[in-house]
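Take a look at the structure set out below.
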Protein chains: 2
Amino acid sequence: MRIGELAQQAGTTTRTLRHYESLGLLPARRAGNGYRTYDEDDLRLLRQIRVLQDFGFGLEETRPFVDCLRAGHPAGDSCPASLEVYRRKLAELDDCIGHLRRVRAEVGAQLARAERETAALKAAAEVPGGPPPLCALAPPDIEEELSTP
Amino acid sequence: MRIGELAQQAGTTTRTLRHYESLGLLPARRAGNGYRTYDEDDLRLLRQIRVLQDFGFGLEETRPFVDCLRAGHPAGDSCPASLEVYRRKLAELDDCIGHLRRVRAEVGAQLARAERETAALKAAAEVPGGPPPLCALAPPDIEEELSTP
DNA sequence: GTAGACGTTGACGTGGACGTCAAGGCCAGG
DNA sequence: CCTGGCCTTGACGTCCACGTCAACGTCTAC
């Protein structure tokens, strides 16, 4: 199959495939006319790359998986190097999640504080002579409205 | 104060300050010789920016806070625009954390599966004639070791 | 033979927050 | 006067995974 078809099969673009080839990640055979030629194995490699990409792996991090598949192993993660990448990624994810949670807590606290202070300032500004009575004019009119239909 | 001193006070670099100025985020007065001149208020603005940066805010997201401070408000988050940025950031953080947690779970599951399969393959490869007996030779020697000191 | 759909290489653009030169001006101390 | 340390502007480099455009070759169908 040619580059366009492979791209379509994998839900990506030809530019991406050429990019992978430029990195030596997914080299292609060439037909007589210079066109890149791929087979089903390449599709599997590519799918492996895409799955890891969706997980947020960098392209270099997918290399052990690709190499593992090309070495004939049944899965990209059948090799120790791939497992190491998994573990490193888990650690990274934990760090990142922890960091974001701390930030989230801090930002949430700041928002709550700022909202309190804003409310306090508003109240102080709007009420130099005590709070205005609720429904200052409405109640006397209620009977009218209810009794005049 | 000049740019180098401000940078030092805020724990950043002169390049960063010039960058902020190029964005109109932290403009500077100029001395007669063309040198940038800052005061304590600028330091406060800069500290506000840095805090938000540490939270992962983009520079444009810090602008409402800076504008708010420059407008004379006591805090950068005393203005509605700043509160909106807080809220948007909280939503973003929640999305991001949720995403990362899902990815973490998936990667964790993949690692566990791959480790099981690797172990299974090893076992199958190493034991073509059944599992080796545990402590095949050790037990007979125990009495010797215990009785010969 | 020509239009159109594919393919090729090469090279620059994107976004974000700066880093890192380069070439030169300003000012204090010795 | 000269050195050294600060400052100036301008411009290119970084990282990453491609997007986008240009200019051109190849193959098929009409």
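Residue numbering restarts at 1 for every chain, and letters A, B, ... go by the order of the sequence lines.
In this structure, the CD1 atom of B:I49 is 13 Å from the C1' atom of C:dA17, given to the nearest Å. The distance between atom CZ of B:R50 and atom C1' of C:dA17, rounded to the nearest whole Å, is 9 Å. Nucleotide D:dC7 holds its P atom 10 Å from the CD atom of B:Q8, rounded to whole Å. Between the P atom of D:dC18 and the CG atom of A:L46 lies a distance of 10 Å, rounded to the nearest Å. Going from atom CZ of A:R18 over to atom P of D:dC21 covers 15 Å, rounded to whole Å. Here the C1' atom of nucleotide C:dG15 and the CD atom of B:E60 are 13 Å apart, to the nearest Å. The distance between atom CG of B:D54 and atom P of C:dA17, rounded to the nearest whole Å, is 13 Å. Note: CD1 (B:I3) to P (C:dC27) measures 17 Å, nearest angstrom.
Phosphate proximity of C:dA17 to B:Y20: absent, as no side-chain N or O sits under 4.0 Å from OP1 or OP2. An OP1 or OP2 oxygen of C:dC18 is reached within less than 4.0 angstrom by no side-chain nitrogen or oxygen of B:T13. For C:dT8, neither phosphate oxygen OP1 nor OP2 lies less than 4.0 angstrom from any side-chain nitrogen or oxygen of A:T14. Phosphate contact (OP1/OP2 of D:dC16, side-chain N/O of A:Q53, threshold under 4.0 Å): absent. Residue A:R15 places no side-chain N or O under 4.0 Å from the OP1 or OP2 atom of C:dG10.
Closest to the A:R2 side chain, of the nucleotides C:dG19, C:dG7, D:dC18, is C:dG7.
Listed here is the closest heavy atom pair of A:C68 and A:S82: CB-OG, 4.1 Å. When all heavy atoms are compared, the tightest approach of A:L25 to A:V66 is O-CG1, 3.7 Å.
Contact annotation: the side chain of A:R101 approaches that of B:I97 to within less than 4.5 Å [non-hydrogen atoms, C-beta and beyond]. The shortest side-chain heavy-atom distance between B:R36 and B:R30 falls under the 4.5 Å cut-off. Using a 4.5 Å heavy-atom cutoff, the side chains of B:R63 and B:L23 are in contact. A:T37 places none of its side-chain heavy atoms less than 4.5 Å from the side chain of A:R2.
At a non-hydrogen distance threshold of 4.0 Å, B:N33, B:Y35 from residues 27-36 of chain B come into contact with DNA chain C.
Looking at which nucleotide of DNA chain C each of B:H19 and A:E21 is closest to, the 5′-most match is held by A:E21.
B:F55 does not carry B:K89 over the face of its six-membered ring by the limits of under 6.0 Å from the centre and within 45° of the normal.
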